[in-house]
Amino acid sequence: MKRKSIIAFVVVLLGVGGWLLYYYSDQQAIKRKFTDIAVSLSKDGEETPIMIALKMKPVKDFIAPACEVTVPERNYHEMLEPGLVIHYLILYRSRQANLRLALEEISIEIPSKGRGEVSALVHVTANYNQPDFFDETHRVQFSLQKQEKKWLIRKATLPDALVRR
């Protein structure tokens with residue numbers, strides 16, 4: 001009886017340990033961060049400046065000090081600091097009455113220690129119940145770098161259709 005209890009305890013301990021390793025793995029941490037950012041960028045109606053600042057803080061903290069932004073269809077390639085990225089995002093959000101972002105098909109690769117590549121479909125729904133309603137899905141790609149135990153976006157490749165609205 002005592003032996004069965006020890007075996008059961010070891011099995012439970014291994015299961016919990018395996019789940020913790022999975023949950024706190026780099027891939028799952030990155031996936032959770034991108035999901036949180038999609039929620040932060042979403043918007044329902046008018047927002048006060050304080051609400052905008054609170055929503056944009058986690059986004060700003062996820063961007064490397066120098067982030068390369070590329071829009072291949074426009075031959076646009078620029079190094080931006082987090083403040084400029086946030087300024088653009090605030091302007092983009094301000095043009096929409098409401099905005100929903102959802103990430104689908106998130107693919108995460110860790111090619112080497114401290115480096116990550118993310119590809120995802122971004123499903124954007126905006127201005128529902130408005131004449132300028134749109135519902136689009138676009139492929140985006142990001143390169144990440146781990147600095148001081150935090151993953152940061154160092155490069156973003158965005159389609160023209162996503163940035164022109």
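Numbering starts at 1 and runs along the sequence shown. Values below: every heavy atom of this structure, side chains too, minus hydrogens, waters and symmetry copies.
In this structure, Leu89 is not a member of the same hydrophobic cluster as Leu152, with clusters built from ILVMFWY side-chain heavy atoms closer than 4.5 Å. Hydrophobic clustering (ILVMFWY, side-chain heavy atoms < 4.5 Å, transitive): Val39 and Leu121 are in distinct clusters. If you chain together hydrophobic residues whose side chains sit under 4.5 Å apart, Leu162 and Val59 fall into the same group. Residue Leu84 is grouped with residue Ile63 when hydrophobic side chains (ILVMFWY) are merged at heavy-atom distances under 4.5 angstrom, including chains of intermediate members. Cluster annotation: Leu158 and Phe34 are assigned to the same hydrophobic cluster (Ile/Leu/Val/Met/Phe/Trp/Tyr, side-chain heavy-atom contacts under 4.5 Å, transitive).
Lys150 contributes atom NZ, which lies 13.0 Å from atom CD of Gln145 (distance to the nearest 0.5 angstrom). Distance check: Lys155 NZ to Cys67 SG gives 10.0 Å after rounding to the nearest 0.5 Å. Interatomic distance, Ile86 CD1 to Leu80 CG, rounded to the nearest 0.5 Å: 11.0 Å. Residue Glu105 holds its CD atom at 12.0 Å from NE2 of His123, rounded to the nearest 0.5 Å. Atom CD in Gln141 sits 8.0 Å away from atom CD in Glu117 (nearest 0.5 Å). Taking CZ of Phe134 as the reference point, atom CG of Leu99 lies at 6.5 Å (rounded to 0.5 Å).
The main-chain N or O of Asn127 is never found under 3.5 Å from a side-chain atom of Asp132 such that the two would form a donor-acceptor pair. Of the possible polar contacts, one joining the Glu73 side chain to the Asp160 backbone as a donor-acceptor pair under 3.5 Å is found. The closest donor-acceptor contact from the side chain of Gln27 to the backbone of Ile108 lies under 3.5 Å. In terms of modelled atom types and a separation under 3.5 Å, the side chain of Ser112 and the main chain of Arg115 share no donor-acceptor contact. A donor-acceptor pair is defined here as one N or O able to donate and one able to accept, closer than 3.5 Å; no such pair exists between the side chain of Thr125 and the backbone of Asp135. Panel note: side chain Arg93, backbone Ser42; a donor-acceptor pair is recorded below 3.5 Å. Using a distance-only test at 3.5 Å, with no hydrogens or angles considered, a donor-acceptor pair links the side chain of Tyr88 to the main chain of Val163. The backbone N or O of Phe62 lies less than 3.5 Å from no partner atom in the side chain of Lys33, so there is not a single donor-acceptor pair.
Taking every heavy atom of both residues into account, Pro58 and Ser40 meet most closely at CG-OG, 4.0 Å. A pairwise comparison of heavy atoms in Ala161 and Glu136 identifies O-OE1, 4.1 Å as the closest pair. Nearest approach of Lys60 to Gly83, heavy atoms of both residues: CE-N, 4.4 Å. For Lys43 against Gly45, the heavy-atom pair with the smallest separation is CE-O, 3.1 Å. Of all non-hydrogen atoms in Asp26 and Trp151, the two that sit nearest each other are OD1-NE1, 3.4 Å. Listed here is the closest heavy atom pair of Pro82 and Pro65: CD-O, 3.4 Å.
Heavy atoms of other residues, nucleotides or ligands lying less than 6.0 angstrom from CG of Leu91 number more than 12. Residue-environment remark: CD (Glu104) exceeds the threshold of 12 foreign heavy atoms within 6.0 Å. The neighbour count for Lys146 NZ, taken as heavy atoms of other residues, nucleotides or ligands under 6.0 Å away, is above 12.
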Checking side chain to side chain contact (heavy atoms under 4.5 Å, CB included) for the pair Ser119/Arg139: CA distance, chi angles, key distance, verdict? CA-CA 7 Å; Ser119 177; Arg139 170 83 45 202; 3.1 Å; yes
One pair to check against side chain to side chain contact (heavy atoms under 4.5 Å, CB included): Thr137 and Val122. What are the steps and the verdict? CA-CA 5 Å; Thr137 302; Val122 177; over 6 Å; no
Determine, step by step, whether Leu41 and Met56 satisfy the side chain to side chain contact (heavy atoms under 4.5 Å, CB included) criterion, reporting the C-alpha distance in whole Å, the side-chain angles of both residues, the deciding distance to 0.1 Å, and the verdict. CA-CA 7 Å; Leu41 291 174; Met56 292 298 113; 3.6 Å; yes
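Residues Ile110 and Ile30 are in side-chain contact: their nearest non-hydrogen atoms beyond the backbone lie under 4.5 Å apart.
Contact check on Asp36 versus Arg32 returns no salt bridge, with no Lys/Arg side-chain nitrogen under 4.0 Å from an Asp/Glu carboxylate oxygen.
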